[in-house]
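For the numbers below, each heavy atom of this structure counts, side chains included, while hydrogens, waters and symmetry mates do not.
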Amino acid sequence: MFKRKTSCIYQGRVIQPIIWRNVLSKQQNIQNFTSAAENLESVNSVNSVNEQNQQIHTPPPTPPNPPNPIPAEILKASLPFVNQYGWSIDALSQGAKTLGYPNISHGLFPKGGAELIDYFLEDCRRKMSHEIFDKMNGLKVHQKIRFACVTRLNLTKPYIRKWPEALAIMAQPNNVSMAVEHLAKLVDDMWYLAGDKSADMNWYSKRAILAAIYTSTELYMTQDTSPDFTGTYQFLNRRLQDSATFGSLINEINTFANFAAKSTIGILSSKGIGRF
């Protein structure tokens, strides 16, 4: 007995058996695909609801940890090594070592010596404000400004032979904003402690003048070889007197800019930083 190959009629047309099987197979595949798609959609819907529920019940983020005191301790402990190792990773490594931390602790400071300078400048600003806060009664404004400048310069004095290196580091493009910010805060503190109450354009001009005076004096101090830096304080006195006229101020700023540029370029070249 043999099987007969019969034809089928579908939508008014005669369909051969092999073609009919193909049609049925395709229909079955479509049904399977549709069923799978419906199942996937159902799963996605459940997942979406779960995600929404998780978002609704997610606890708030934990508060940040309190500041880690270790970096500040290392920075403070590193300052005594600046005169030997400069404003560098080596100084930071030595500071960490004295506190019992491994040498690799300097990895806490990705900017290296720049972070040590940043710490030093902020620390000096606090110390200057503390030292002169209650010691300027009875002084005139220009005397208060001089007292503030001298106090701040004395804080740099122990590191003055390495200060050109610090200036060179601060002159690098990625550190300029830090240096400018510290200088702005410094002169603002000086004028505030001197009792400045101006709220007009004089507020800006006074701070610009004092910034030029202080920075030029600090640069002079790095080259001063006179006993106990008497030449530096005389230079400061002259700058404070010269700032009484606008023309003298412009000359002073130009002189400072030229001197700073030459000093910075020379220091950077000696350190192998940049191409000049």
Side-chain angles (χ1 to χ4, degrees), residues 67 69 71-76 78-79 82 87 92 109-136 139 141-160 162-222 232-233 235-236 239-240 243 249 252-253 256-257 259-261 263-264:
E73 291 179 0
I74 294 176
L75 289 167
K76 182 178 181 180
S78 300
L79 290 176
V82 166
W87 304 90
L92 290 168
F109 311 101
K111 294 184 179 180
E115 296 196 49
L116 185 55
I117 296 169
D118 184 34
Y119 172 83
F120 173 73
L121 292 174
E122 187 64 23
D123 186 56
C124 285
R125 193 166 67 90
R126 288 195 299 266
K127 288 179 179 178
M128 182 206 71
S129 299
H130 178 74
E131 288 185 21
I132 69 177
F133 179 72
D134 57 350
K135 298 179 182 179
M136 294 197 293
L139 297 178
V141 173
H142 72 277
Q143 293 173 327
K144 292 178 180 179
I145 292 297
R146 183 187 183 280
F147 183 37
C149 288
V150 170
T151 302
R152 177 61 186 83
L153 289 168
N154 285 339
L155 292 171
T156 306
K157 190 186 297 185
Y159 311 95
I160 197 62
K162 291 293 183 179
W163 195 241
E165 181 182 335
L167 296 175
I169 293 173
M170 287 188 287
Q172 296 179 39
N174 56 329
N175 297 326
V176 169
S177 60
M178 175 195 74
V180 171
E181 181 180 359
H182 277 295
L183 179 59
K185 289 179 179 179
L186 175 62
V187 297
D188 193 37
D189 286 349
M190 288 179 175
W191 276 115
Y192 176 79
L193 293 170
D196 177 51
K197 304 296 181 182
S198 62
D200 52 9
M201 287 301 296
N202 286 332
W203 190 95
Y204 297 97
S205 61
K206 287 179 179 179
R207 280 151 181 77
I209 292 171
L210 184 54
I213 291 173
Y214 179 80
T215 50
S216 61
T217 303
E218 192 176 62
L219 284 167
Y220 185 94
M221 192 178 193
T222 63
T232 296
Y233 303 126
F235 179 88
L236 174 63
R239 299 292 75 77
L240 290 172
S243 66
L249 170 63
E252 176 59 40
I253 291 176
F256 158 69
F259 182 69
S263 298
T264 300

Could you check Phe120 against Val82 for side-chain contact (heavy atoms from CB on, under 4.5 Å), going step by step and ending with a plain yes or no?
CA-CA 11 Å; Phe120 173 73; Val82 166; over 6 Å; no

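Looking only at side-chain heavy atoms (C-beta outward), Leu121 and Met170 come within less than 4.5 Å of each other. Inter-residue side-chain proximity for Met221 and Leu236 is flagged as unmet; no heavy-atom pair is nearer than 4.5 Å. Between Leu92 and Glu115, the closest side-chain pair of non-hydrogen atoms is not below 4.5 Å. In this structure the side chain of His142 never reaches within 4.5 angstrom of the side chain of Ile145, judged on heavy atoms. At a threshold of 4.5 Å between non-hydrogen side-chain atoms, the residues Met136 and Gln143 do not count as touching. Residues Val187 and Ile213 fail the side-chain proximity criterion, which asks for heavy atoms closer than 4.5 Å. The shortest distance between side-chain heavy atoms of Leu186 and Cys124 does not fall below 4.5 Å.
Put simply, the side chain of Trp191 gets close to the backbone of Lys206: a donor and an acceptor are under 3.5 Å apart. The backbone N or O of Ala114 lies less than 3.5 Å from no partner atom in the side chain of Asp118, so there is not a single donor-acceptor pair.
Scanning both residues, Lys144 and Ala194, for their nearest heavy atoms gives CD-O, 3.5 Å. Minimum interatomic distance between Glu165 and Trp87 (heavy atoms only, all atoms of both residues): OE2-N, 3.2 Å. Minimum heavy-atom separation, Ala171 to Val176: O-CG2, 3.6 Å. In terms of heavy atoms, Ser78 sits closest to Leu116 at CB-CD1, 4.0 Å.
In summary, Arg125 and Glu122 engage in a salt bridge, as defined by a charged side-chain N under 4.0 Å from a carboxylate O. By the 4.0 Å N-to-carboxylate-O rule, Arg207 lies close enough to Asp196 to be salt-bridged with it. Classification of Arg126 and Asp123 as a salt-bridged pair holds, one side-chain N sitting under 4.0 Å from a carboxylate O.
In summary, of the residues considered (Tyr233, Phe235, Trp163), a ring pair (Phe, Tyr, Trp, His ring centres under 6.0 Å) with Tyr220 occurs for Phe235 alone.
Around the NZ atom of Lys111, the shell of radius 6.0 Å holds no more than 12 heavy atoms that belong to other residues, nucleotides or ligands. Heavy-atom contacts from other residues, nucleotides or ligands closer than 6.0 Å to NZ of Lys185 number more than 12.
Every residue meeting the side chain to side chain contact (heavy atoms under 4.5 Å, CB included) condition with Ser129, not counting sequence neighbours, appears here in chain and number order: Asp189, Leu193.
A side-chain N or O of Tyr214 and one of Glu218 form a donor-acceptor pair less than 3.5 Å apart.
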